[in-house]
2 protein chains.
Amino acid sequence: MNTLFKALNDPTRRQILDMLKEKDMSAGEIADRFNISKPSISHHLDLLRQAGLVISVKEGQFINYSLNTTVLDEVLTWIVQLTQTNK
Amino acid sequence: MNTLFKALNDPTRRQILDMLKEKDMSAGEIADRFNISKPSISHHLDLLRQAGLVISVKEGQFINYSLNTTVLDEVLTWIVQLTQTNK
DNA sequence: TAGTTATTTAGACAAATATCTAAATATTAT
DNA sequence: ATAATATTTAGATATTTGTCTAAATAACTA
């Protein structure tokens, strides 16, 4: 839960998730869309991976990233539960 | 969106929201349930208030806090949109 | 009015975070 | 084998964040 919210708490990372929603992309392809160095993007991708929000698969010299939204269920459930009135 | 995720990215603040779901509480009442100084809790409450997640009403010498979940719609919508497959 | 209670503001500090450049690793191509 | 390409790892640095104590503000109470 913590790792998840941590991963979501950055505009660049949220934008990466939005991009991966459209199509799978390699690390370099993702990095090219930002004015941020490749190592920094690599670090963001690592955090997203740690949170389970993306899955990385090595294909030759590329590493392809894809979105994994199943882990968001936990967040969704928490928010919905909070929204349901108890008073 | 940023302020919102920022506010949610802390276990203490999320716990405060969970507590406020049960009933409205004063700042001191909230602080009493944590092993954290009152000024620190006051700061957490301020961040939650800035994000619109809580509403504070002064009543005499007390300040009562209540949950406001309407602002979570934005987050909810974003997550759901991300979850809906596009590929 | 003086003291007590509730809460915040101010200022300091350590830890976490986002970023960078340089170097390392791994794969493909010549 | 060498060079080029894709990505990560390492290490440094500035900023942000969570926490603290001390002081300020505001509202009750005797």
Side-chain angles (χ1 to χ4, degrees), chain A residues 1-20 22-68 71 75 78, chain B residues 1-20 22-68 71 75 78:
Chain A
M1 193 74 152
N2 230 321
T3 337
L4 215 44
F5 272 111
K6 201 156 295 205
L8 294 174
N9 185 33
D10 182 276
T12 302
R13 288 195 289 272
R14 289 197 301 274
Q15 216 176 316
I16 290 174
L17 295 179
D18 281 329
M19 285 163 45
L20 290 178
E22 303 306 321
K23 67 181 185 76
D24 296 355
M25 296 172 84
S26 70
E29 218 173 335
I30 294 168
D32 285 344
R33 303 216 191 170
F34 292 93
N35 279 330
I36 295 175
S37 72
K38 275 165 210 263
S40 295
I41 293 294
S42 182
H43 182 233
H44 283 306
L45 288 170
D46 189 44
L47 293 180
L48 288 171
R49 204 184 40 69
Q50 276 178 51
L53 284 163
V54 303
I55 289 163
S56 68
V57 176
K58 183 157 199 172
E59 271 179 43
Q61 64 194 142
F62 298 87
I63 298 181
N64 284 322
Y65 285 87
S66 58
L67 188 61
N68 177 243
V71 295
V75 176
W78 180 75
Chain B
M1 193 74 152
N2 229 320
T3 338
L4 215 43
F5 273 112
K6 200 157 296 205
L8 293 174
N9 185 32
D10 182 276
T12 302
R13 288 196 289 271
R14 289 197 300 274
Q15 216 176 317
I16 291 174
L17 295 179
D18 281 330
M19 284 164 47
L20 290 178
E22 304 304 321
K23 67 181 183 78
D24 296 355
M25 295 173 84
S26 70
E29 218 173 335
I30 294 167
D32 285 345
R33 303 217 189 169
F34 292 93
N35 278 330
I36 294 175
S37 71
K38 275 164 210 264
S40 295
I41 294 294
S42 181
H43 182 233
H44 283 307
L45 288 170
D46 189 44
L47 293 179
L48 288 172
R49 203 183 41 67
Q50 278 178 49
L53 285 162
V54 302
I55 290 164
S56 68
V57 175
K58 184 155 197 170
E59 271 178 43
Q61 63 195 143
F62 298 86
I63 298 182
N64 284 322
Y65 285 87
S66 59
L67 188 61
N68 176 241
V71 295
V75 175
W78 180 75

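The basis for the numbers below is simple: all heavy atoms, side chains too, and nothing from hydrogens, waters or symmetry mates. First the proteins, then the strands, lettered A, B, ... as listed; each starts at 1. Just so it is clear, the structure is predicted and the values come from calculations on it, not from any experiment.
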Handout entry: chain B footprint on DNA chain C, 5' to 3' - any atom under 4.0 Å from a heavy atom
Key =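 For DNA chain C, the relevant span reads dT5(C) to dT9(C).
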Measuring only between side-chain heavy atoms, which start at C-beta, is [X] closer than 4.5 Å to [Y]?
X	Y	answer
Lys38(A)	Asp32(A)	yes
Arg14(B)	Asn2(A)	yes
Leu47(A)	Lys6(A)	no
Leu4(B)	Trp78(B)	no
Leu8(B)	Leu17(B)	yes
Arg49(A)	Leu45(A)	no
Leu53(A)	Leu20(A)	no
Arg13(B)	Phe5(A)	no

Separation of [X] atom [atom1] from [N] atom [atom2], in whole Å?
X	N	atom1	atom2	result
Tyr65(A)	dA6(D)	OH	C1'	11 Å
Asp10(B)	dG18(D)	CG	P	5 Å
Phe62(B)	dC28(D)	CZ	P	9 Å
Arg14(B)	dG18(D)	CZ	C1'	14 Å

Problem - Residue whose closest nucleotide on DNA chain D lies nearer the 5' end, Pro39(A) versus Asn9(A) - result: Pro39(A)
Point-to-point distance, once rounded to the nearest 0.5 Å, from [atom1] of [X] to [atom2] of [Y]:
X	Y	atom1	atom2	result
Ile30(B)	Ile36(B)	CD1	CD1	12.0 Å
Glu29(B)	Met19(B)	CD	CE	8.0 Å
Ser37(B)	His43(B)	OG	NE2	11.0 Å

Problem - Closest-nucleotide ordering on DNA chain C, the 5'-leading residue of Thr12(A) and Ser26(B) - result: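 It is Ser26(B) whose nearest nucleotide is closer to the 5' end.
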Handout entry: Strand-adjacent residues in residues 42-61 of chain B, judged by heavy atoms under 4.0 Å from DNA chain C
Key =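 Hits under 4.0 Å, by residue number: Ser42(B), Gln61(B).
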Problem - Side-chain N,O (Lys6(B)) to OP1/OP2 (dT17(D)) below 4.0 Å - result: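 For dT17(D), OP1 or OP2 has a side-chain N or O of Lys6(B) closer than 4.0 Å.
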Practice task
Estimate the overall bend of the helix from dT1(C)-dA30(D) to dT30(C)-dA1(D) from the end axes over five pairs each, rounded to 10 degrees.
Solution key: 10°
